[in-house]
Peer 1: 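The structure's right below; bear with me while I get my questions together.
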Amino acid sequence: MNLDPRVQEIIERVTTREGLELVHAEMTGGRGNAILRIYIDKPGGVNHADCATVSDQVGLILDVEDLIPHQYTLEVASPGLDRGLYKAADYERFAGNSAHVKLSEPIAGQRNFHGTLIGLDREGDPAVLLEDETGTRHRLPLARIIKAHVELEP
């Protein structure tokens with residue numbers, strides 16, 4: 001389910017006003033079990049009060065504006081330890097960390113890549129640079145990434 005741009009704008013406005021980073025927002029499920037998930041962060045991490053504030057404010061505005069025409073559950077949380085990578089800047093911010101990247105289409109027969117994030121190559125089509133455990137560097141086109149997250153070290 002796609003997130004209405006008006007809903008995205010409300011979430012961005014609230015998180016910015018509260019001094020928080022909007023990591024990601026998504027609408028999942030269908031009409032009977034829809035969930036609006038909002039992931040927020042700030043230096044030092046978010047706490048329960050941050051999540052409650054965003055939930056209360058976004059929920060109130062969405063109720064008044066009536067932009068989601070069906071019942072839904074609103075969830076606000078930190079991005080967690082296995083933080084998702086959603087924006088181009090995330091790949092630069094978390095360079096040096098272990099990551100998992102999944103592509104929509106394989107490169108040389110491979111869709112899943114694990115290794116250390118090197119950063120983002122902005123030359124031509126933007127691509128994530130990742131070095132696997134064998135020392136091989138991979139250039140993974142940003143447009144083909146369907147899911148990526150930072151991985152905890154074992």
Peer 1: Drop me the distance from Ser98's OG to His149's NE2, to the nearest 0.5 angstrom.
Peer 2: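 That separation rounds to 10.0 Å.
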
Peer 1: Is it the case that over 12 heavy atoms from other parts of the model lie below 6.0 angstrom from the CG atom of Leu81?
Peer 2: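 No, not enclosed.
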
Peer 1: Check Glu151 against Ala99 and note the closest heavy-atom contact, atom names and distance.
Peer 2: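 Closest approach of Glu151 to Ala99: OE1-O, 3.5 Å.
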
Peer 1: Going by side chain to side chain contact (heavy atoms under 4.5 Å, CB included), Leu74 matches just one of Val54, Ile38, Ile68, Ile35. Which one?
Peer 2: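 Option passing the side chain to side chain contact (heavy atoms under 4.5 Å, CB included) with Leu74: Ile38.
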
Peer 1: For the residue pair His114 and Asp132, confirm or rule out a side-chain donor-acceptor distance under 3.5 Å.
Peer 2: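 No, no side-chain donor-acceptor contact under 3.5 Å.
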
Peer 1: Going through the checks in order, is the side chain to side chain contact (heavy atoms under 4.5 Å, CB included) test met by Arg37 and Met27?
Peer 2: CA-CA 6 Å; Arg37 283 197 185 97; Met27 182 71 81; over 6 Å; no

Peer 1: Taking only residues two or more places apart in sequence or in another chain, which ones pass side chain to side chain donor-acceptor pair (under 3.5 Å) with Glu9?
Peer 2: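 By the side chain to side chain donor-acceptor pair (under 3.5 Å) rule, Glu9 matches Arg13.
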
Peer 1: Please check if Phe94 and Ile40 belong to a single hydrophobic cluster, counting links between Ile, Leu, Val, Met, Phe, Trp and Tyr side chain heavy atoms closer than 4.5 Å.
Peer 2: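 Looking at the clustering, Ile40 is in a separate group from Phe94.
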
Peer 1: Please tell me if the side chains of Ile118 and Arg137 come closer than 4.5 Å, counting only heavy atoms from C-beta onward.
Peer 2: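 Yes, at least one pair of side-chain atoms sits under 4.5 Å.
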
Peer 1: Any chance NZ of Lys147 has more than 12 other-residue heavy atoms, nucleotides or ligands included, within less than 6.0 Å?
Peer 2: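 At most 12 heavy atoms, drawn from other residues, nucleotides or ligands, come within 6.0 Å of this atom.
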
Peer 1: In this structure, which one of Leu85, Leu120, Leu117 forms a side chain to side chain contact (heavy atoms under 4.5 Å, CB included) with Asp90?
Peer 2: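 Output: one option passes, namely Leu85.
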
Peer 1: With side chain to side chain contact (heavy atoms under 4.5 Å, CB included) as the test, pick out the partner of Pro141 among Ile107, Val128, Asp125.
Peer 2: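 Going through Ile107, Val128, Asp125 one by one, the side chain to side chain contact (heavy atoms under 4.5 Å, CB included) with Pro141 is satisfied by Ile107 alone.
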
Peer 1: Please test Ile146 against Glu105 for side chain to side chain contact (heavy atoms under 4.5 Å, CB included), starting from the C-alpha separation and ending with a verdict.
Peer 2: CA-CA 9 Å; Ile146 56 174; Glu105 302 166 23; over 6 Å; no

Peer 1: In terms of hydrophobic clustering (I, L, V, M, F, W, Y; side-chain heavy atoms under 4.5 Å; direct or indirect links), are Val58 and Leu20 co-clustered?
Peer 2: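 The answer is yes; both residues are in one hydrophobic cluster.
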
Peer 1: In terms of hydrophobic clustering (I, L, V, M, F, W, Y; side-chain heavy atoms under 4.5 Å; direct or indirect links), are Leu60 and Ile11 co-clustered?
Peer 2: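 Per the 4.5 Å side-chain linkage, Leu60 and Ile11 are not co-clustered.
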
Peer 1: Looking only at non-hydrogen atoms, find the nearest pair between Ala49 and Asn47 and report the distance.
Peer 2: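 Looking at all heavy atoms of both residues, the closest pair is N-OD1, 3.0 Å.
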
Peer 1: With no hydrogens and no angle check, is any side-chain donor or acceptor of Asp66 less than 3.5 Å from a backbone partner on Asp63?
Peer 2: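 Between the backbone of Asp63 and the side chain of Asp66 there is no qualifying donor-acceptor contact (under 3.5 Å).
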
Peer 1: Looking at OG1 of Thr15 and CG of Asp41, how far apart are the two atoms once the value is rounded to the nearest 0.5 Å?
Peer 2: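 Result: 11.5 Å between the selected atoms.
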
Peer 1: Evaluate the side-chain proximity of Asn33 to Tyr72: yes if any heavy-atom separation is below 4.5 Å, no if none is.
Peer 2: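 They are not in side-chain contact.
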
Peer 1: Mind checking what makes side chain to side chain donor-acceptor pair (under 3.5 Å) contact with Glu21, not counting sequence neighbours?
Peer 2: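 Side chain to side chain donor-acceptor pair (under 3.5 Å) list for Glu21, sorted by chain: Arg83, Arg93.
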
Peer 1: Do Leu142 and Tyr91 make a side-chain contact, defined as non-hydrogen atoms from C-beta onward lying under 4.5 Å apart?
Peer 2: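 Yes, their side chains come closer than 4.5 Å.
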
Peer 1: For Glu18 and Gln57: C-alpha separation, side-chain torsions, deciding distance, then whether side chain to side chain contact (heavy atoms under 4.5 Å, CB included) applies.
Peer 2: CA-CA 10 Å; Glu18 293 301 318; Gln57 291 183 20; 3.1 Å; yes

Peer 1: Given 3.5 Å as the limit, does a donor-acceptor pair link the side chain of Asp56 with the main chain of Thr53, or not?
Peer 2: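 Not a single qualifying donor-acceptor pair exists.
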
Peer 1: Closer than 4.0 angstrom, basic N to acidic O: yes or no for Glu123 and Arg139?
Peer 2: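 No salt bridge links Glu123 with Arg139.
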
Peer 1: Say whether, by atom type as modelled, one donor and one acceptor occur between the side chain of Asp50 and the main chain of Val46 under 3.5 angstrom.
Peer 2: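 Side chain of Asp50 to backbone of Val46: no pair is present.
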
Peer 1: Ignoring hydrogens and angles, tell me if any N or O in the side chain of Ser55 forms a donor-acceptor pair with the backbone of Cys51 under 3.5 Å.
Peer 2: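 Pair absent, no side-chain N/O of Ser55 close to backbone of Cys51.
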
Peer 1: Can you hop from Leu3 to Ile61 via hydrophobic side chains spaced under 4.5 Å?
Peer 2: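 Result: yes, single cluster for both.
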
Peer 1: Would you say Tyr39 and Leu22 are hydrophobically clustered, going by side-chain heavy atoms of ILVMFWY under 4.5 Å?
Peer 2: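 No.
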
Peer 1: Check Gly109 against Pro106 and note the closest heavy-atom contact, atom names and distance.
Peer 2: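 Gly109 and Pro106 have their closest heavy atoms at C-CB, 3.8 Å.
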
Peer 1: Scan residues 106-117 for pairs that pass salt bridge (charged side-chain N to carboxylate O under 4.0 Å, His left out), counting only residues two or more places apart or in two chains.
Peer 2: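 Checked against salt bridge (charged side-chain N to carboxylate O under 4.0 Å, His left out) - neighbours excluded - no pair reaches residues 106-117.
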
Peer 1: Run Leu103 and Phe113 through side chain to side chain contact (heavy atoms under 4.5 Å, CB included) and show every step you take.
Peer 2: CA-CA 8 Å; Leu103 302 178; Phe113 295 83; 3.5 Å; yes

